[in-house]
*Asks:* 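Got a structure here, written out as structure tokens. Questions coming.
Letters A, B, ... are given to chains in the order of the sequence lines, protein chains preceding strands, and every chain is numbered from 1.
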Amino acid sequence: MANVRTRMAPSPTGYFHVGSARTALFSWLFARQHGGEFVLRIEDTDHERSTQASVDVILDSMAWLGLDYDIGPIYQSHNLPRHTQAAADLLASGHAYRCYATTEEIGRVREEANARGVRSWKYTGYGCVIDEAEQARRAEQGLPSVVRFRVPREGDSVTFTDLVYGDQVIDPNEIEDFVLLRQDGSPLYMLSVVCDDVDEAITHILRGQDHLSNTPKQVLLYQAMGAPVPQFAHTALIMAPDGSKLSKRKHGEVVSITTYRDKGFLPEAMVNFMALVGYSAGDGDTREMFNRAELIERFDIARVGRANAKFTFDANNPKQWTDAKAQSLNAEWLRTMTLEELMPHLRPWLERAGLWDDAFEGERAEWFRATIDLIRQRFWTLEDFVTQGAAYLGDRVVFDAAAVKKNLAKDPRLPVLLAGLADRFEAAEFEHDALEAALRGFAEEQGVGAGLLINGMRTALTGQSVGPSAFEVCVAVGRERTLHRLRNLPALAE
RNA sequence: GGCCCCAUAGUCCAACGGUUAGGAUGCAGGCCUUUCAAGCCUGAGGCACGGGUUCAACUCCCGUUGGGGCUACCA
């Protein structure tokens with residue numbers, strides 16, 4: 001397909017919605033796989049809500065996800081003169097007209113119609129609210145008016161083919177003569193998007209299914225403007241667990257892309273997850289992990305689902321703050337991506353936590369890589385490296401209360417035993433098998449189970465009750481810190 | 001209310017006229033073992049309902065029910 005150009009047109013409302021991010025991803029994938037271009041347009045015409053900070057959230061989110069654009073960001077507010085000019089042109093060509101009926105008058109007529117049992121009343125032009133004479137009188141007086149699009153009522157059905165939902169046929173009588181320009185002369189969304197999409201030569205519009213019903217109006221506008229109608233592809237929506245619309249106001253941080261970044265998600269995992277919601281490669285292929293390049297290669301707009309999907313999360317359970325599958329996918333990416341790919345994501349976290357040491361790239365590089373590779377097997381987010389991981393990478397051990405209770409406070413002999421163990425370790429070669437032999441020998445001498453010492457040691461060294469093999473932990477933590485921590489247990493308050 | 005869209009396990013996706021309806025996630029159990037939000041194995045759990053069409057329907061058609069969207073001088 002030649003000259004493909006897609007766009008993402010978010011409005012800066014203070015956060016970047018996961019649903020928007022997903023359609024952005026699909027638009028980006030579509031452009032990339034066709035060798036086309038991807039445009040970012042900021043729909044900032046609502047001055048009340050638009051701020052630079054809001055715009056930055058969008059730009060940062062796009063950058064984090066790795067969705068680069070070839071054109072933009074274009075600010076829709078800059079195109080205002082063009083939009084009003086378009087309305088003037090439509091007025092001149094007879095595709096639009098000034099309407100002097102007030103909102104109140106229209107509302108009244110609408111209610112009366114409903115009361116009379118009219119099934120769906122629509123504003124369809126002069127005469128349906130105020131007659132021609134009244135219209136002319138108000139025009140003469142220079143009373144305020146809006147500009148409405150004249151929906152062709154005699155013509156055929158409005159038709160277009162949606163790449164996801166298929167052929168659409170709409171009776172024009174279902175479409176009201178919608179407003180193009182407000183009383184104050186400012187353009188409305190319906191006019192602005194079409195103008196911009198025409199001017200930017202967008203060939204394929206991928207967007208949320210909530211726009212499907214508006215598309216016929218836009219098709220009419222393209223035709224009236226004498227512009228080619230682009231291809232449309234509407235994608236199903238992401239809903240909340242209860243099936244309602246996923247919104248920041250109702251559902252909080254889980255809807256915002258930056259939350260995932262700030263909670264230690266990998267952008268690769270987030271992209272992968274968003275692609276999996278409402279989409280599948282099919283062909284009986286059960287594989288689920290894909291990087292961006294693979295998605296570009298395999299993505300097929302026709303296979304995007306038509307049914308809304310639900311996010312599963314529980315605001316009251318920290319472990320389920322977002323969709324469980326998203327979390328598990330992130331964990332899988334975390335432990336399977338190459339260390340070279342992981343490091344650029346990890347380093348900023350370590351630096352912010354004061355855990356970074358330049359020696360990690362120098363004389364301690366080998367140890368560092370081995371330790372990261374060891375601990376990431378049980379980690380779920382980048383954040384885990386600076387919480388649980390701190391005991392391995394730095395000198396600070398954060399003790400988990402439950403772990404202390406379970407493994408250290410349960411036996412009053414442990415402080416003495418672990419100190420004794422430290423003496424044995426001091427005399428032993430500091431290496432996995434030798435440490436294990438030393439510990440088992442010591443346990444036997446003392447007449448205690450090896451497990452008591454092993455679990456106590458794990459918590460003494462890491463503050464956790466879970467983790468890698470305890471002797472691997474010793475090696476990772478190193479001789480000095482291991483001996484020190486075994487001899488200096490935390491206060492065992494209970 | 002009107003118009004439009006959708007409907008496979010709790011959730012996300014496969015199967016598209018003939019399969020014991022498959023995978024992932026989550027859940028339960030087991031193994032490993034010194035631990036586990038790790039790994040391996042096992043298990044429970046689904047075609048919304050009713051009519052057609054057909055030798056045969058998850059798959060096609062119609063209806064019902066349920067869910068969603070749009071219906072603004074919001075985007």
Side-chain angles (χ1 to χ4, degrees), chain A residues 9-11 13 43-46 48-49 76 99 102-103 106-107 114 117-122 144-148 162 164-166 168 170-171 173-176 178-186 188-190 192-193 208-217 234 236-237 239 241 243-245 273 276-289 303 305-313 319-320 323-329 331-332 335 376-380 384 403 406-407 436 439-440 449-459 464-471 473:
Chain A
S11 48
T13 54
E43 305 214 324
D44 59 342
T45 50
D46 184 345
E48 306 294 310
R49 293 194 294 179
Q76 184 167 62
C99 167
T102 65
T103 311
I106 294 171
N114 287 341
V118 174
R119 312 187 74 190
S120 66
W121 185 87
K122 298 262 183 302
S145 63
V146 297
V147 173
R148 282 184 187 270
D162 190 277
V164 173
Y165 286 96
Q168 306 291 312
I170 298 90
D171 179 349
N173 292 312
E174 290 297 334
I175 307 172
E176 194 159 62
F178 53 98
V179 177
L180 261 20
L181 252 37
R182 296 185 181 88
Q183 267 185 20
D184 67 4
S186 60
L188 255 16
Y189 167 77
M190 213 62 74
S192 297
V193 254
Q209 181 242 49
D210 48 340
H211 287 284
L212 187 58
S213 300
N214 283 326
T215 304
K217 294 178 191 167
H234 290 88
L237 272 20
M239 315 303 285
S244 68
K245 206 167 172 175
F273 174 66
L276 248 36
V277 175
Y279 176 73
S280 150
D283 274 350
D285 188 348
T286 58
R287 189 179 152 196
E288 296 203 318
M289 280 186 80
R303 286 196 62 89
R306 288 178 284 272
N308 291 168
K310 278 185 202 167
F311 249 37
T312 305
F313 60 88
K319 278 188 181 174
Q320 288 172 33
D323 194 277
K325 185 151 184 177
Q327 297 196 60
S328 107
L329 205 51
E332 196 168 350
R335 61 175 179 261
R376 70 171 174 163
Q377 298 306 324
R378 286 169 176 78
F379 285 177
W380 284 65
D384 291 339
K406 182 184 173 199
N407 291 335
E436 178 161 8
L439 183 142
R440 291 191 185 280
L452 179 72
L453 297 182
I454 287 170
N455 288 322
M457 178 171 78
R458 186 199 321 284
T459 300
Q464 303 290 311
S465 63
V466 304
S469 160
F471 302 103
V473 171

*Asks:* Hey, is the side chain of R378(A) pairing donor to acceptor with the base of C36(B) inside 3.5 Å?
*Replies:*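 When only heavy-atom distances are counted, R378(A) does reach the base of C36(B) through a donor-acceptor pair under 3.5 Å.
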*Asks:* Write down the distance separating the P atoms in C3(B) and U64(B), rounded off to the nearest Å.
*Replies:*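 These two P atoms come out 12 Å apart once rounded.
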*Asks:* Regarding T103(A), tell me which of base, sugar-phosphate or nothing describes its non-hydrogen contacts under 4.0 Å with the strands shown.
*Replies:*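 Base, at least one base heavy atom under 4.0 Å.
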*Asks:* Classify the side chain of S213(A) and the base of G69(B) as holding, or not holding, a donor-acceptor pair under 3.5 Å.
*Replies:*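 Side chain to base: pair present.
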*Asks:* Both distances under 3.5 Å, Watson-Crick or G-U wobble: report the partner of C60(B), or none.
*Replies:*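 In the structure as shown, C60(B) has G52(B) as its Watson-Crick or wobble partner.
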*Asks:* Do any side-chain nitrogens or oxygens of R287(A) fall under 4.0 Å of OP1 or OP2 in A24(B)?
*Replies:*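 Answer no for this pair, as no side-chain N or O of R287(A) is under 4.0 Å from OP1 or OP2.
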*Asks:* Is the F311(A)-F273(A) ring centre distance short of 6.0 angstrom?
*Replies:*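 Aromatic pair counts; centres sit under 6.0 Å.
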*Asks:* Using a 4.0 Å heavy-atom cut-off across all strands, classify A450(A) as base, sugar-phosphate, or nothing.
*Replies:*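 Contact class for A450(A): none.
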*Asks:* Can H234(A) be said to stack with the base of G69(B), given centres closer than 5.5 angstrom and planes under 30 degrees apart?
*Replies:*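 Not stacked: fails the 5.5 Å / 30° test.
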*Asks:* Checking contacts here: which listed nucleotide (U35(B), G68(B), A72(B)) is nearest the side-chain heavy atoms of M239(A)?
*Replies:*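 Out of U35(B), G68(B), A72(B), the nucleotide with an atom closest to M239(A)'s side chain is G68(B).
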*Asks:* Heavy-atom nearest nucleotide on RNA chain B for E288(A) versus Q327(A): which residue maps closer to 5'?
*Replies:*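 Checking each residue's closest nucleotide, the 5'-ward one belongs to E288(A).
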*Asks:* Hey, does the side-chain of Q320(A) have a donor or acceptor N/O within less than 3.5 Å of a partner on the base of G26(B)?
*Replies:*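 A donor-acceptor contact between them is absent.
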*Asks:* Please determine, for A9(B), whether a Watson-Crick or G-U wobble partner exists with both distances under 3.5 Å, and give it or none.
*Replies:*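 Base partner found: none.
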